[in-house]
Amino acid sequence: MTDTPLKTAPETVAELAADTLRFDSFGLAPEILRALNEQGYVHPTPIQAQAIPVVLQGRDVMGAAQTGTGKTAGFSLPIIQLLMAHANTSASPARHPVRALILTPTRELADQVAENVKAYSRHTALRAAVVFGGVDMAPQTAILRNGVEIVIATPGRLLDHVAQKSVNLSQTQILIMDEADRMLDMGFLPDLQRIINLLPKQRQNLMFSATFSPEIKKLSASFLNNPVSIEVARSNATSENVTQVLYKVEEDEKRDAVAFIIRERGLKQVIVFSNTKIGASRVAVHLVKQGIKATAIHGDKSQQERMAALEAFKRGEVEILVATDVAARGLDISEMPCVINFDLPYNAEDYVHRIGRTGRAGAKGDAISLHTDKDERLLTDIEKLIKQKIVRLQLAGFVATSLHTERRPFSNSERAGRPSDRSERNERPMRSYQPPREKIDPWFLKPYEPSANSQATTIKPAVKLSVEEVKPQKKAALLGGLVKAS
DNA sequence: AAAAAAC
């Protein structure tokens, strides 16, 4: 499925090992290998190479892996194998006990994991069902009552089915918690605890998390039994394939800035992240008004609308998906060349997740974030977490230039003495800014000079731009902010 | 502070 990344040159020992390995060297059943063959998969990814043998041994696993690493296949292939190998050992097969349970934090992710599991198990007798809220319960109930071995679920709806007695978890041998850090963030712990109380004490546990916070370590210590740690990417690290930049704008310029960036770079298949549901909707509306094919996806939309938006985006009918953090994790959408943070996320970890939507599977990606004066603290948190400084650039036509009374970029001399606060300038923001259509290059960059050992030095802009020196005092101010951070 | 997830 789209879950398995393309191969790139091996870099780590694990990757080297994975390169010489083939799926048929794990002792997987012919039915599974056949499904893999049909999809053209021969070599496992690093996390698959590490996870498959360990899961097959029946060990608990704590996996630190971002999406796009082949994580889903990493756990679903061996659990399919385990369930096949120990088929029908249940004393009461008529009761159709669920034998493996996969929990995810969002409905879309549940759906996606289910699609993968179904594809990998299609030649086996195993049945899988996906269960999440926002849609009619009756069809789910019917499938569950008919009997399934594997359930993929969001916690709330699963507990609903438990209350209705349409699902029996008393003989579940394997529990998989996907995106466990997200589940904690979202306050799923009580539901998680309730579900775990329904499971047999003796079972195999697999927990996956993109980041490795103290809370996750605590959860792992309480739910996992002597787990094997599997780590592919450096934890809390962002992909080296992703070029990260920051553009400073004023709050009321953000929507225009996003439209501008999309148009100027000719971006297609971009996720724009907003911190709020209302913000996401507004940005989408604004982009549509500017003739950009955009739509919003967030938790206030019906499940039908959410699925339709995602489908339209995957098909390319919608080019810009404006999303809340509902889409930050897990969703595997191919060909994501760029992610834009309309707002910087409140949690630094969410930054990692959001920009993890691009630069997948060895491809290059751009992560563009807008920030305002108020975001300095968030920025220092983010830079601390990812252990690198993000290059700060300025966006022509914004902050200091043509959004205002004059519809052209300010000259250097004009810009130099200009107060940054709009009220001081006694100016009214322009409501709908139309970037110049002609071939006036509206971009300029003020490269922020990173500290000597910063990784940001390797970052190059994605578009050709003219470069201008940063004023010494401004540079000092920027540096000052960063020095305090580290 | 806000997002997500059950009716």
Side-chain angles (χ1 to χ4, degrees), chain A residues 67 101-114 130-141 144 151-167 169 177-196 198 209-211 213 215 251 254 271-284 296-307 309-310 321-331 339 341-354 356-357 371-372 374-379 381-382:
Chain A
T67 25
L101 174 62
I102 304 171
L103 296 174
T104 74
T106 67
R107 299 164 180 174
E108 281 79 5
L109 185 56
D111 204 27
Q112 184 182 287
V113 170
V130 61
V131 148
F132 54 76
V135 292
D136 194 0
M137 248 181 117
Q140 297 177 355
T141 306
L144 290 174
V151 165
I152 302 100
T154 49
R157 180 54 72 89
L158 180 69
L159 285 170
D160 255 8
H161 282 293
V162 167
Q164 287 197 359
K165 300 216 190 307
S166 45
V167 68
L169 300 177
M177 289 170 273
D178 201 8
E179 308 278 346
D181 46 348
R182 187 48 154 191
M183 297 224 250
L184 288 191
D185 285 355
M186 287 170 32
F188 275 137
L189 193 55
D191 280 355
L192 215 53
Q193 188 66 66
R194 243 169 259 144
I195 291 165
I196 286 171
L198 298 166
S209 171
T211 51
S213 64
E215 288 78 17
E251 193 62 45
K254 279 180 161 185
I271 293 192
V272 176
F273 283 106
S274 160
N275 281 0
T276 63
K277 291 179 277 199
I278 189 102
S281 287
R282 282 177 185 156
V283 171
I297 183 168
H298 56 67
D300 274 355
K301 296 229 172 195
S302 73
Q303 194 54 33
Q304 225 177 7
E305 287 173 309
R306 282 164 60 165
M307 291 196 256
L310 201 56
L321 190 66
V322 191
T324 57
D325 281 320
V326 69
R329 305 189 190 202
L331 291 195
V339 164
N341 283 314
F342 178 79
D343 301 308
L344 280 179
Y346 292 122
N347 298 322
E349 290 190 354
D350 285 332
Y351 178 85
V352 178
H353 288 293
R354 288 180 180 186
R357 314 275 77 234
H371 75 293
T372 65
K374 289 176 290 189
D375 296 329
E376 275 312 314
R377 208 185 57 81
L378 294 176
L379 261 182
D381 285 353
I382 288 166

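Here is the naming used below: chain letters follow the sequence lines, and residue numbers restart at 1 for every chain.
Between B:dA5 and A:Arg306, a contact under 4.0 Å exists linking OP1 or OP2 to a side-chain N or O. OP1 or OP2 of B:dA5 has not a single side-chain nitrogen or oxygen of A:Thr106 nearer than 4.0 Å. Listed pair A:Thr324 / B:dA4 meets the phosphate criterion, a side-chain N or O lying under 4.0 Å from OP1 or OP2.
Across all strands shown, A:Asp350 has no heavy atoms under 4.0 Å from either base or sugar-phosphate atoms. Residue A:Arg107 is classed as a sugar-phosphate contact, given heavy-atom separations below 4.0 Å to backbone atoms only. When heavy atoms are screened at a 4.0 angstrom cut-off, A:Asn347 is found touching base atoms of the nucleic acid. Nucleic acid contact class of A:Asn275 (heavy atoms, under 4.0 Å, all strands): sugar-phosphate only.
In this structure, A:Leu103 atom CG and B:dA5 atom C1' are separated by 12 Å, rounded to whole Å. The nearest whole Å value for the distance from the CD atom in A:Gln140 to the P atom in B:dA5 is 13 Å. Summarising the geometry, the separation between NZ on A:Lys374 and C1' on B:dA2 is reported as 15 Å, rounded to the nearest angstrom. In this structure, A:Asp381 atom CG and B:dA1 atom P are separated by 14 Å, rounded to whole Å. Going from atom CD1 of A:Ile297 over to atom P of B:dA3 covers 15 Å, rounded to whole Å. The distance from atom CG of A:Asp178 to atom P of B:dA5 is 15 Å, rounded to the nearest whole Å.
Between A:Ile278 and A:Leu159, the one whose closest nucleotide on DNA chain B sits nearer the 5' end is A:Ile278.
Salt-bridge check for A:Arg306 with A:Asp111: failed, with every basic side-chain N at 4.0 Å or more from each acidic carboxylate O.
Comparing atom distances between the A:Thr276 side chain and each of B:dA4, B:dA6, B:dA2 picks out B:dA2 as nearest. Looking at the side chain of A:Glu108, the nearest of the listed nucleotides B:dA4, B:dA5, B:dA6 is B:dA5.
For A:Ser166, the side chain to side chain contact (heavy atoms under 4.5 Å, CB included) test picks out A:Thr141, A:Leu144, A:Arg145, A:His161, A:Gln164, with sequence neighbours left out. With sequence neighbours left out, the salt bridge (charged side-chain N to carboxylate O under 4.0 Å, His left out) criterion links A:Glu305 to no other residue.
Without hydrogens or angle criteria, A:Ser274 side chain to A:Thr276 main chain gives a donor-acceptor distance under 3.5 Å.
A side-chain N or O of A:Asp181 and one of A:His353 form a donor-acceptor pair less than 3.5 Å apart.
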